Amino acid sequence: MPELPEVEVVRQGLAAHVVGRTVSDVQLTGARVARRHAAGPDDLAARVRHTQVVDARRRGKYLWLVLAGPAGDRSALLLHLGMSGQLLVQPADAPDERHLHARFDFADDGPQLRFVDQRTFGGMALAELDADGIPDSISHIAPDPFEPVYDRRAVIERLKARHSAVKRGLLDQGVVSGVGNIYADEALWRAQVHGGRASDSLTRPVLGRVLDHAREVMGEALAQGGTSFDALYVNVNGASGYFDRSLAAYGQEGRPCPRCGTPIRREAFMNRSSFSCPRCQPATRAPKF
DNA sequence: CTTTTCTCCTGTATGC
DNA sequence: TGCATACAGGAGAAAA
């Protein structure tokens, strides 16, 4: 599942292979891929056609291409990979992928950009950029830990004020963005905090440690993901394939905790799974888990 | 207002 | 072998 590190690798691929090129044609298959674009897929395609891609940017798990129109006007093609979305750079004569939803042709007749998504949780929409260069439609998404505007103290205060499990706060993209289920579990394992513990019951230093570990583990994953980048394949499909061997808790049910050897446990959480060490991350005072 | 639950989707794995 | 079910889960809408 693409979380911040995987999305950043995709962004870097777009920066290398798409920025600077002019779109000559856009083909969208079905309405679902553009469902967040209120004016519909035809409108999106028409507005992207003949624009030049001038930048590829990211906040959390969202990424966007900054588009310059013929008159120099700026807009953004906002993209989200959802759970299974891939952006591929492919030769025009490559056969259609099984779950191909969008195809971009360029005026240089070079390789196409394709959006492929099996589970269709991903999608794209056009947005306007605000004064800070952020698409207006994601103004509710908080900065991620790698942004200069990331305010560590402010995030700690928001977590400190929440009557909810700390893991919910980590996963709330309006509090801090980029963290998904995998890196939330890894950060909590590193911080030796059980994700079900009430956010407002933890001390500020502990909350700070959880946040710092989230940033640290995502940074490590990014460093590894960058090395496996293939020039023709602007995609990283989740943590599998490169960083999964470094995971201490996520998906490791029954395997020994790398720190103390106690078998990692799996618990239901938000109709999903959480993995933690029963010994290093005691679930004391854990409501609503 | 804050917090939680539900829903969208399909390939893969598991159980009977 | 075939069919049913569980699971993966980001994010926004809806509900509590």
Side-chain angles (χ1 to χ4, degrees), chain A residues 1-8 10-11 29-38 58-64 78-87 96-102 115-125 127 134-144 155 157-188 195-201 214 218 221 235-241 243-244 247 249-254 266-275 286-289:
Chain A
M1 277 52 66
E3 301 181 27
L4 185 152
E6 294 76 37
V7 178
E8 173 59 17
V10 172
R11 189 203 65 76
T29 310
R32 185 166 168 79
V33 69
R35 65 191 179 283
R36 289 182 65 185
H37 186 73
R58 181 190 57 74
R59 163 166 282 185
K61 303 171 198 171
Y62 282 93
L63 58 87
W64 62 93
L78 185 64
L79 297 150
H80 198 292
L81 302 178
M83 296 179 56
S84 54
Q86 302 175 324
L87 285 166
D96 286 6
E97 289 77 7
R98 181 146 155 69
H99 299 288
L100 176 65
H101 294 114
F115 184 78
V116 176
D117 189 8
Q118 173 195 114
R119 274 172 267 188
T120 70
F121 279 20
M124 60 186 67
I134 303 295
D136 52 10
S137 48
I138 59 163
S139 58
H140 62 294
I141 301 295
D144 67 58
V155 177
E157 290 311 312
R158 288 198 59 181
L159 291 174
K160 188 68 185 164
R162 283 173 68 103
H163 273 292
S164 185
V166 63
K167 185 173 173 181
R168 285 186 187 273
L170 272 183
L171 294 176
D172 187 336
Q173 306 298 299
V175 174
V176 55
S177 66
V179 184
N181 203 35
I182 296 171
Y183 297 114
D185 276 2
E186 291 302 301
L188 289 162
R197 304 226 2 228
S199 192
D200 55 1
S201 76
M218 290 194 294
N235 164 66
V236 169
N237 196 5
S240 62
F243 194 69
D244 55 348
L247 296 175
Y250 181 84
Q252 308 299 308
E253 182 182 19
R266 170 183 176 174
E267 293 167 294
F269 177 72
M270 294 167 72
N271 276 329
R272 284 153 178 70
S273 292
S274 284
F275 300 88
K288 302 171 190 164
F289 194 74

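Chain naming here is simple, since letters A, B, ... match the order of the sequence lines and numbering starts at 1 in each. Just so we're clear, the structure is a prediction, and the values are computed from it rather than from any experiment.
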(request) Answer yes or no: is there an ion pair linking A:Arg158 with A:Asp172, defined by an N-O contact shorter than 4.0 Å? (result)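 No, A:Arg158 and A:Asp172 are not salt-bridged.
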
(message) Does this structure show an ion pair linking A:Asp185 with A:Lys167, if we count only N-O contacts that are shorter than 4.0 Å?
(response) yes

(request) With the side chain of A:Asn181 defined as its heavy atoms from C-beta on, choose the nearest nucleotide among C:dA8, B:dT4, C:dG10. (result) C:dG10

List every contact pair, protein side and nucleotides 11-16 of chain C side both N or O, where the distance is under 3.5 Å.
| residue | atom | partner | partner atom | Å |
| --- | --- | --- | --- | --- |
| C:dA11 | OP1 | A:His80 | NE2 | 2.3 |
| C:dA11 | OP2 | A:Lys61 | NZ | 3.2 |
| C:dA11 | N6 | A:Arg272 | NH2 | 3.4 |
| C:dG12 | OP1 | A:Arg36 | NH2 | 3.1 |
| C:dG12 | OP1 | A:Tyr62 | OH | 2.4 |
| C:dG12 | OP2 | A:His140 | NE2 | 3.0 |

Expressed in angstrom and rounded to an integer, what is the separation of [X] atom [atom1] from [N] atom [atom2]?
| X | N | atom1 | atom2 | answer |
| --- | --- | --- | --- | --- |
| A:Phe269 | B:dT3 | CZ | P | 13 Å |
| A:Asp172 | B:dT5 | CG | C1' | 14 Å |
| A:Leu81 | B:dC9 | CG | P | 19 Å |
| A:Asp200 | B:dT2 | CG | P | 14 Å |
| A:Phe275 | C:dA8 | CZ | C1' | 10 Å |
| A:Phe115 | B:dC9 | CZ | C1' | 13 Å |
| A:Met270 | C:dG10 | CE | P | 9 Å |

(request) Considering just the side-chain nitrogens and oxygens of A:His163, establish if one lies under 4.0 Å of OP1 or OP2 belonging to B:dT4. (result) no

(message) With a cut-off of less than 4.0 Å, is there a side-chain N or O of A:Ser273 near OP1 or OP2 of C:dC7?
(response)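 False: A:Ser273 side-chain N/O out of range (4.0 Å or more) of C:dC7 OP1/OP2.
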
(message) According to side chain to side chain contact (heavy atoms under 4.5 Å, CB included), who are the partners of A:Arg272, at least two apart in sequence or on a separate chain?
(response)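 With neighbours one apart ignored, the set is empty.
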
(request) Sequence neighbours left out, what passes side chain to side chain contact (heavy atoms under 4.5 Å, CB included) with A:Ala102? Give chain and number order. (result)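 Partners of A:Ala102 under the side chain to side chain contact (heavy atoms under 4.5 Å, CB included) test: A:Leu28, A:Phe104, A:Phe115, A:Met124.
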
(message) Using a strict heavy-atom distance below 4.0 Å, which residues from residues 116-123 of chain A are in contact with DNA chain C?
(response) A:Arg119, A:Phe121

(request) Not counting sequence neighbours, which residues clear ring pair (Phe, Tyr, Trp, His ring centres under 6.0 Å) with A:His80? List them please. (result) A:Tyr62

(request) Output all residues satisfying ring pair (Phe, Tyr, Trp, His ring centres under 6.0 Å) with A:Phe275, sequence neighbours left out; order by chain, then residue number. (result)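 Scan of A:Phe275 (ring pair (Phe, Tyr, Trp, His ring centres under 6.0 Å), adjacent residues dropped) gives A:Tyr250.
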
Any residue meeting salt bridge (charged side-chain N to carboxylate O under 4.0 Å, His left out) with [X], in chain and number order, not counting sequence neighbours:
| X | result |
| --- | --- |
| A:Asp200 | none |
| A:Asp117 | none |
| A:Arg32 | none |

(request) Have a look at A:Arg158 and say if it touches a base, only the backbone sugar-phosphate, or nothing, with a 4.0 Å heavy-atom cut-off. (result) nothing

(request) Look at all strands and tell whether A:Arg35 reaches a base, only sugar-phosphate, or nothing, counting heavy atoms closer than 4.0 Å. (result) nothing

(message) Quick check on the helix from B:dT2-C:dA16 to B:dC16-C:dG2: what's the angle between its two end axes, five base pairs per end, to the nearest 10°?
(response)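 Terminal axis comparison yields 60°.
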
(request) With DNA chain B as reference, determine whether A:Arg162 or A:Arg32 sits nearer its 5' end, using the nearest nucleotide of each. (result) A:Arg162

(message) If you assign A:His99 and A:Ala161 each to the DNA chain B nucleotide with the nearest heavy atom, which residue ends up on the more 5' nucleotide?
(response)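 The 5'-side residue here is A:Ala161.
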
(request) Could I get the full list of side-chain hydrogen bond (donor to acceptor under 3.5 Å, both in side chains) partners for A:Asp96, not counting sequence neighbours? (result)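 Counting only residues at least two positions away or on another chain, A:Asp96 forms a side-chain hydrogen bond (donor to acceptor under 3.5 Å, both in side chains) with A:Arg103.
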
(message) Holding to side-chain hydrogen bond (donor to acceptor under 3.5 Å, both in side chains), I want the full list of residues that pass it with A:Ser273, two or more places apart in sequence or in another chain.
(response)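 Counting only residues at least two positions away or on another chain, A:Ser273 forms a side-chain hydrogen bond (donor to acceptor under 3.5 Å, both in side chains) with A:Arg266.
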
(request) Taking A:Ser199 for its side chain and A:Ser164 for its backbone only, find out whether a donor-acceptor pair lies under 3.5 Å. (result)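 Not confirmed, A:Ser199 side chain does not pair with A:Ser164 backbone.
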
